[in-house]
Amino acid sequence: MLEEVERWFADRSWSAADRPLDQLLSAKRAAGTTVSVVLPALDEEETVGAIVEVIRRDLIDGMRLPLVDELVVIDSGSTDRTAEVAAKAGARVVHRDEILPRIPAVHGKGEVLWRSLLVTTGDVVCFVDADLRDFSSAFVSGIVGPLLTEPDVQFVKAMYDRPLGDAPGQGGRVTELVARPLLNLHWPQLAGFVQPLGGEYAVRRSLLERLPFPVGYGVELGLLVDALHTVGLDALAQVDVGVRLHRHQDGQALGRMAAAIYRTAQLRLAPGNPAGHPWGHPPVRPELTQFERGPEGFTPRTHPVDTEERPPMAGVKEYSGRRVA
């Protein structure tokens, strides 16, 4: 790693245990900081309820000063009981299509995260994937912690082990095969992030609202690169929260994810586009062809690759008008 990154890794990599809950609550009280937790969810009835219950039990209920002020599940079109289960467990559930109806929603995780800024109010916004199993509230308190105790930190990613079945450390296939090479080659300042594509991260709203959001799976890489360009490496950090267990996707789904991530990087590498704004050279061919074997041999299947990005929320009239009001 670059010498600058080695220093950063030593200074800006922590463990969740480094900041006990009492310390976080004291810092939260002193600064008056509010915290929103957002779970983007699509057909996650098997896991979303337990995640909500743990956050409520450990970080909200029975506390004179809760660490978490808002707990919101954004349902992005589930066909199962995700919304019902999340509401019963104690979350506020909002459907993606109810947010900013003036702009028709598109499919994608980044779309949901972008819209969540309109229905939350916290000074710190913490994103947590809704498919985690054996969930620990340290996933929230760990990554929120530096934003409460370190005034110069603005963006915190969770880091963790990702087993694939019984194989430790093999769960981050797209990270190791696509994202890490891209970051090391083109943004070496970000080479110290253990889980650059992880879905658990906390960010100051004042930064999030200034960043464009890729609508699909490129959102994590896009936000990280744009945050680097916007606030610099020392404003970024990571916290070890243990082990992440979740549902793994098949190889073809990972291929489509990889294409979206590569496309997000390609846009940010376009000449004259250093900050990652969604204006630049479009991909040559925003499609990915994959193959499936059938009775008569291989059949090509072509899928679109996400090409859309949402502009920084600070420039959306409904958002800026809400803040003025």
Side-chain angles (χ1 to χ4, degrees), residues 40-44 74-80 82 95-97 99-100 103-115 127 129-131 162 164-165 170-187 195-199 211-226 246-271 273 276-311:
L42 176 62
D43 295 331
E44 304 293 358
I74 311 292
D75 184 0
S76 58
S78 298
T79 58
D80 64 2
T82 290
H95 194 282
R96 174 200 62 200
D97 296 343
I99 307 170
L100 197 59
I103 301 176
V106 298
H107 294 293
K109 180 183 179 182
E111 175 82 357
V112 174
L113 301 185
W114 181 70
R115 289 176 184 264
F127 297 124
D129 282 349
D131 66 342
R162 292 183 67 183
L164 180 62
Q170 298 301 307
R173 290 166 287 173
V174 176
T175 293
E176 299 302 331
L177 296 174
V178 181
R180 200 175 308 286
L182 281 171
L183 294 176
N184 276 264
L185 289 169
H186 298 294
W187 296 281
Q195 297 292 351
L197 298 186
L211 303 179
F213 279 63
V215 299
Y217 285 120
V219 63
E220 271 81 33
L221 183 132
L223 290 177
L224 189 60
V225 169
D226 294 347
H246 65 112
R247 182 184 66 249
H248 293 284
Q249 301 193 55
D250 63 34
Q252 291 206 335
L254 294 179
R256 296 189 289 274
M257 183 185 301
I261 291 165
Y262 178 81
R263 175 262 162 200
T264 300
Q266 179 191 40
L267 182 59
R268 281 151 180 79
L269 291 168
N273 192 27
H277 295 295
W279 307 283
H281 301 299
V284 175
R285 181 176 179 268
E287 295 179 329
L288 175 68
T289 299
Q290 299 175 311
F291 295 89
E292 297 177 4
R293 181 185 282 280
E296 300 180 359
F298 286 101
T299 301
R301 306 289 186 196
T302 299
H303 306 271
V305 175
D306 296 323
T307 59
E308 189 168 353
E309 299 210 2
R310 294 304 192 186

Spacing of [atom1] belonging to [X] relative to [atom2] belonging to [Y], to within rounding of 0.5 Å:
X	Y	atom1	atom2	answer
Leu197	Met257	CG	CE	8.0 Å
Ile261	Arg263	CD1	CZ	12.0 Å
Leu113	Phe127	CG	CZ	4.5 Å
Leu42	Lys109	CG	NZ	12.0 Å
Phe291	Thr302	CZ	OG1	7.5 Å
Leu269	Leu182	CG	CG	7.5 Å

Can you name the nearest heavy-atom pair linking [X] to [Y], along with the distance?
X	Y	result
Ile74	Val112	CG2-CG1, 3.3 Å
Trp114	Pro311	NE1-O, 2.8 Å
Ser78	Ala41	OG-O, 3.8 Å
Asp129	Gly199	OD2-CA, 3.6 Å
Glu176	Pro181	O-CD, 3.3 Å
Val219	Pro214	CB-O, 3.5 Å

Student check: side-chain heavy atoms of Leu183 and Leu221 closer than 4.5 Å
yes
Close side-chain approach of Pro196 to Arg180, heavy-atom, < 4.5 Å
yes
Is there a donor-acceptor pair under 3.5 Å between the side chain of Thr175 and the backbone N or O of Gln195?
no
Any side-chain to backbone donor/acceptor pair from Asp97 onto Ala105? Under 3.5 Å, distance only.
no
Hey, is NE2 on His95 packed in by over 12 heavy atoms from elsewhere, all under 6.0 Å?
yes
Would you please name every residue forming a salt bridge (charged side-chain N to carboxylate O under 4.0 Å, His left out) with Glu292, sequence neighbours left out?
Arg301
My understanding is that only residues two or more places apart in sequence, or in another chain, count here; which of them pass salt bridge (charged side-chain N to carboxylate O under 4.0 Å, His left out) with Glu111?
Arg115, Arg310
